[in-house]
Amino acid sequence: MQLLESWTALPAAQLLRSAVPVALLVLAVLGPGRAAAALAALGLALSVPFLRELDSPGVVGAGWALLWLAIAWRTASDAGGPPRSRARLGGFESGTIGLLLGAALLAVIVAGVARLDLEAEPMRRSSYGALLVALGLLHLMLRRHAVRATTAFAAMGLGLQVLEGVVRHVATAVNPTAPALPLLAAALAVALTLRLGRSRECAAGSSWVSDAHDLHD
């Protein structure tokens with residue numbers, strides 16, 4: 001109940017600013033096609049500088065905007081290999097399982113945050129960071145495309161960035177963390193994922209994970 005109240009007490013404008021990145025990530029998770037993924041990444045690049053839950057230095061916010069712009073450009077320019085001629089039952093089954101696991105994971109994380117003895121503001125921000133991480137994991141399980149997995153890793157990094165800000169304000173007894181660490185880790189994961197995507201394109205002619213698996217059939 002306290003977690004719900006921490007969100008309902010927000011002004012409508014701030015609630016809308018917080019909801020936009022979540023809606024864009026949901027679009028990237030559920031929306032099919034390259035255009036939806038690129039549009040979501042572009043929207044995140046534009047909305048992240050206004051995300052108050054980030055609570056990081058301006059240079060870190062600018063870095064996140066640049067990272068999402070790079071993901072949008074790379075996703076839009078990705079050819080994705082030749083179109084697949086038939087739907088795969090295995091892909092449908094794995095997507096259903098991934099959706100159920102992602103929903104269960106989100107419920108567990110949010111329930112854990114709700115049990116923390118925090119004030120309304122850090123509790124709300126903690127739940128928001130956990131939500132972004134869960135959406136990133138869900139994207140990774142549902143979208144079986146090596147290049148577009150950059151969205152998943154960036155979403156998880158953005159969630160960790162929000163959680164890092166909470167830690168800096170709550171854990172005053174420990175040494176302060178470096179605010180740019182989640183951004184640097186996410187950028188490294190994105191770069192390695194893009195390299196993996198290029199390797200898959202060279203080996204299998206496509207960035208789709210299932211097409212690479214077909215090499216073993």
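For the numbers below, each heavy atom of this structure counts, side chains included, while hydrogens, waters and symmetry mates do not.
- Ile71 and Ala154 get closest at one heavy-atom pair: CD1-CB, 3.5 Å.
- The pair Glu53-Arg124 meets the salt-bridge criterion, with a side-chain N (NZ, NE, NH1 or NH2) lying under 4.0 Å from an Asp/Glu carboxylate O.
- Expressed to the nearest 0.5 Å, how far OG1 of Thr150 lies from CG of Leu192 amounts to 12.0 Å.
- Minimum heavy-atom separation, Leu54 to Leu158: CD1-CD1, 3.6 Å.
- Put simply, Val48 and Val26 are part of the same group of oily side chains (I, L, V, M, F, W, Y) that touch within less than 4.5 Å, one to the next.
- Tracing side-chain contacts under 4.5 Å through hydrophobic residues (I, L, V, M, F, W, Y), one reaches Leu15 starting from Leu135; they form part of the same cluster.
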CA sep, side-chain torsions, deciding dist, call: Leu140, Phe153, side-chain contact (heavy atoms from CB on, under 4.5 Å): CA-CA 8 Å; Leu140 198 61; Phe153 289 116; 4.1 Å; yes
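- For the pair Val166 and Arg125, the tightest heavy-atom approach, listed with the atom from each and the gap, is N-NH2, 3.5 Å.
- A continuous path of Ile, Leu, Val, Met, Phe, Trp and Tyr side chains, each step under 4.5 Å between heavy atoms, connects Leu138 with Leu30, placing both in one hydrophobic cluster.
- Looking at Val22 and Tyr128, their side chains come closer than 4.5 Å, going by heavy atoms from C-beta outward.
- Closest non-hydrogen pair, Ser47 versus Val20, comes out as CB-CG1, 4.0 Å.
- Connection of Leu132 to Leu42 is not established within any shared hydrophobic cluster, with ILVMFWY side chains joined at heavy-atom distances below 4.5 Å, either directly or through further cluster members.
- Pairing each heavy atom of Pro182 with each of Glu164, the nearest pair is CG-CB, 4.0 Å.
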side-chain contact (heavy atoms from CB on, under 4.5 Å) between Leu194 and Arg74, worked out: CA-CA 9 Å; Leu194 290 176; Arg74 183 62 179 87; 3.3 Å; yes
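- Judged by distance alone, the side chain of Arg17 and the main-chain N or O of Leu51 form no donor-acceptor pair under 3.5 Å.
- The CG atom of Leu69 sits 7.0 Å away from the CG atom of Leu46 when rounded to the nearest 0.5 Å.
- Here the closest non-hydrogen pair linking Ala130 and Leu163 is N-CD2, 4.3 Å.
- Placement of Leu27 and Leu25 in two distinct hydrophobic clusters is found when ILVMFWY residues are connected by side-chain heavy-atom separations under 4.5 Å, directly or transitively.
- The closest side-chain heavy-atom distance from Val60 to Gln161 is below 4.5 Å.
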